[in-house]
Peer 1: 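Below is one structure. I have some questions about it.
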Protein chains: 2
Amino acid sequence: MARTPRSGPYICGIDAALDVVSGKWKGLILWELDAHRVRRFSELRRGLPGVTEKMLTQHLREMEKDGLVHREVYAEVPPRVEYSLTEHGHTLNQALGPLGAWGTQRIRREGSEVVDVPAP
Amino acid sequence: MARTPRSGPYICGIDAALDVVSGKWKGLILWELDAHRVRRFSELRRGLPGVTEKMLTQHLREMEKDGLVHREVYAEVPPRVEYSLTEHGHTLNQALGPLGAWGTQRIRREGSEVVDVPAP
DNA sequence: TGCGGTACTTACCTTTTTGTAAGGAGCGGC
DNA sequence: GCCGCTCCTTACAAAAAGGTAAGTACCGCA
């Protein structure tokens, strides 16, 4: 998604919402953070099979800028950084609920493969 | 979004749903078709300020393949083609409802510009 | 001394998506 | 005859998104 011509002008709410969720891993990041409340960088990486460190940081930074996730850095060695959903991130996730249900139906209809990621 | 490695494997429903809605104009197309029930190609084009004919056909074809829109061709001269939502397209739109509301809130929060498209 | 673990950044390259411009088929109107 | 209308298609070009690989800094452990 474009980063520069960001933040509108939007034609409708869908537009504005899709803007913050579209990105290869954002849906999953939201899902992971919602399921676990708090996750460290490496936990997220392990939770998203195939994501690279670069993409993960990039997406997390964008979501932070969009006010969806909170980033807490602990000045320790080795470093520890914890990510969690903000209030807005949480409400977004709730708004995504029906969409997720629709998607699940679609998967069922199409008989597409689904990769199941076991929640630890 | 990728067209070739389509239809999964998906990790969750959100994933599957976002796959069919991500595309620069898909949200708006859905919105237009939901608001007017039936629209001709040229009406859609006029309804989506800035869309090119190529992108519009491309997106409509993908959405047709995804079972979201129905395409009715009338063998007339000049040609007439009417687009409408299928049952799945309709339920998708309903599932997008909460997301749209969230987006509207976000726009309000951020004070982003919104381009209002007058519904004819 | 060298390796592993953490959480990144940076430079570079490939793939995907979007845009630009042009053409086409058939008919009515001037 | 030529223009305009409709709904596209095609070739090409630009922009954006994603991916690869390497490097950084600090410490504990063997």
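Below, chains carry the letters A, B, ... as their sequence lines are ordered, and counting in each starts from 1.
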Peer 1: Calculate, to the nearest 0.5 Å, the distance between atoms CG and CG belonging to Leu18(B) and Leu96(A) respectively.
Peer 2: 7.0 Å
Peer 1: Glu43(A) or Trp25(B): which one's nearest nucleotide on DNA chain C is closer to the 5' end?
Peer 2: Glu43(A)
Peer 1: Using the side-chain contact (heavy atoms from CB on, under 4.5 Å) definition, which of the options Val81(B), Leu85(B), Leu44(B), Val69(B) pairs with Arg39(B)?
Peer 2: Leu44(B)
Peer 1: Restricting both atoms to N or O, compile the protein contacts to nucleotides 28-30 of chain D shorter than 3.5 Å, with distance only.
Peer 2:
none

Peer 1: dT16(C) C1' sits how many Å from Leu18(B) CG, rounded?
Peer 2: 17 Å
Peer 1: If you assign Gly50(B) and Arg61(A) each to the DNA chain C nucleotide with the nearest heavy atom, which residue ends up on the more 5' nucleotide?
Peer 2: Arg61(A)
Peer 1: Would you classify Thr57(B) as touching base, sugar-phosphate or nothing, given that sugar-phosphate means primed atoms plus P, OP1 and OP2, and contacts are heavy atoms under 4.0 Å?
Peer 2: base
Peer 1: Just checking Trp31(B): does its CH2 atom have more than 12 heavy atoms from other residues, nucleotides or ligands closer to it than 6.0 angstrom?
Peer 2: no
Peer 1: Quick one: CG on Leu33(B) to CG on Asn93(B), what's the gap to the nearest 0.5 Å?
Peer 2: 8.5 Å
Peer 1: Among dC8(C), dG19(D), dT18(C), which is the nearest nucleotide to the side chain of Val81(A)?
Peer 2: dC8(C)
Peer 1: Can you measure from CG (Leu68(B)) to NZ (Lys26(B)) and round to the nearest 0.5 angstrom?
Peer 2: 8.0 Å
Peer 1: Using heavy atoms to find the nearest nucleotide of DNA chain D for Met55(A) and Arg40(B) separately, return the residue whose nucleotide is more 5′.
Peer 2: Arg40(B)
Peer 1: Look for any protein N or O under 3.5 Å of an N or O in nucleotides 21-25 of chain D and output each such pair with its distance, or none.
Peer 2:
none

Peer 1: For Leu44(B) and dT6(D), give me the distance from atom CG to atom C1', rounded to whole Å.
Peer 2: 14 Å
Peer 1: Taking any heavy-atom pair under 4.0 Å as a contact, classify Arg71(A): base, sugar-phosphate, or nothing.
Peer 2: sugar-phosphate
Peer 1: When we call it a touch if two heavy atoms are under 4.0 Å apart, what does Thr52(A) touch: a base, just sugar-phosphate, or nothing?
Peer 2: base
Peer 1: Checking all strands, does Tyr83(B) fall into the base, sugar-phosphate, or nothing category for heavy-atom contacts under 4.0 angstrom?
Peer 2: sugar-phosphate
